[in-house]
Amino acid sequence: MKIRKNHARKRYRYNVNRKTMNKTRSSTGKIKDPRMKKMWMEDQRVGTNFSEMGLAQDVNKAIAIPSYKKDRLLAARVVNGFLEEELDEDERRALGLKKPVVEEGPKRGYVVQELEQLASERADPEFRLPKGVVKELSYFLNKHKFNYKAMVADRKNFGQLTWRQFRLKIRRFMSIPEQFNVYLEQKKLPVGVKPDWEEYESDSEWK
């Protein structure tokens, strides 16, 4: 008995703009950064653009995981005479062999330098805590000051942080004057000075 196949009826969609749809399918997306857009060659493929600029499209291919098996096979081929060993320039000249092809750098190598310079301009050398973390630590400091044991038992300790984690976070917060001074000003405390609150410093106090 032959199996009967049901095929859906093909219908032409009159509400679709074919020109826009083809453009969307064939486009690789818009480049928002004006500098990168200037460096990008529209008439070339993505892979060609990356290789000419000295960038990697696929990290796994650019920096491959070293294979011990391949190294051993290559060494065995050299020993057995299936593959020529690397020769010096004098030896090649004596044997009349051609010079090995020297791999040249990328055609548009200046792109990498410009991107590195751009990244160094945008990079912030100083560390900042996220606003949510600052708000959370401000709440714990307002309520418990430097009593880390009370912070652990607080109902708003959603992350189940230990007292050591609280102490580390608060000390990191205090080490950033741009953020901690704002908190001191809100509490009307002297700016640039550590608050004179009792702090649990030693591990023996928690036994």
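Residue K169 comes nearest to L137 through the heavy atom pair O-CD1, 3.8 Å, listed as atom of the first residue, atom of the second, then distance. Minimum interatomic distance between F146 and P195 (heavy atoms only, all atoms of both residues): CE1-O, 3.8 Å. Of all non-hydrogen atoms in P190 and L184, the two that sit nearest each other are O-CD1, 3.6 Å. Heavy atoms only, all atoms of each residue included: M151 and K145 are closest at CE-O, 3.0 Å. Nearest approach of Y183 to F173, heavy atoms of both residues: CB-CZ, 4.1 Å.
Under a hydrophobic clustering in which Ile, Leu, Val, Met, Phe, Trp and Tyr are joined whenever their side-chain heavy atoms come within less than 4.5 Å, directly or via other members, V112 and M36 fall into the same cluster. Both M53 and I31 are members of a single hydrophobic cluster when ILVMFWY side chains are connected at heavy-atom separations under 4.5 Å. The cluster map of Ile, Leu, Val, Met, Phe, Trp and Tyr, joined by side-chain heavy atoms under 4.5 Å apart, puts M39 and L55 in the same cluster. V182 and V133 are members of different hydrophobic clusters when ILVMFWY side chains are connected at heavy-atom separations under 4.5 Å.
Using a 4.5 Å heavy-atom threshold, the side chains of S138 and V134 count as touching. Counting only heavy atoms from C-beta outward, the side chains of T162 and Y148 never approach each other to under 4.5 Å. Looking at heavy atoms from C-beta onward, N60 lies out of side-chain contact with I65 at the 4.5 angstrom threshold. You'll find the side chain of K156 reaches within 4.5 Å of the side chain of F158, heavy atoms only. Side-chain contact between K149 and W163 is absent, with no heavy atoms from C-beta onward closer than 4.5 Å.
Taking CD1 of I170 as the start and CD of Q165 as the end, the distance is 12.0 Å to the nearest 0.5 Å. If you take NZ on K131 and NZ on K135, they are separated by 11.5 Å, rounding to the nearest 0.5 Å. To the nearest 0.5 Å, atom CG of residue N22 and atom CG of residue N17 are 9.0 Å apart.
A 6.0 Å sphere centred on CZ of R13 holds no more than 12 heavy atoms belonging to other residues, nucleotides or ligands. When the shell of 6.0 Å around NZ of K107 is examined, it contains 12 or fewer heavy atoms from other residues, nucleotides or ligands.
Considering only residues two or more places apart in sequence or on other chains, F166 meets the ring pair (Phe, Tyr, Trp, His ring centres under 6.0 Å) condition with F140. Checked against side-chain contact (heavy atoms from CB on, under 4.5 Å), V46 has the following partners two or more places apart in sequence or in another chain: T28, W40, F50, Q57. For the side-chain contact (heavy atoms from CB on, under 4.5 Å) test, no residue two or more places apart in sequence or in another chain qualifies with L168. By the side-chain contact (heavy atoms from CB on, under 4.5 Å) test, V191 pairs with N181, E185, sequence neighbours left out. Not counting sequence neighbours, the partners of E52 by the side chain to side chain donor-acceptor pair (under 3.5 Å) test are R108.
Without hydrogens or angle criteria, T48 side chain to Q44 main chain gives no donor-acceptor distance under 3.5 Å. A distance-only check finds a donor-acceptor pair linking the side chain of Q179 to the backbone of L129 [under 3.5 Å].
Chaining together hydrophobic side chains whose heavy atoms lie under 4.5 Å apart places Y12 alongside Y14.
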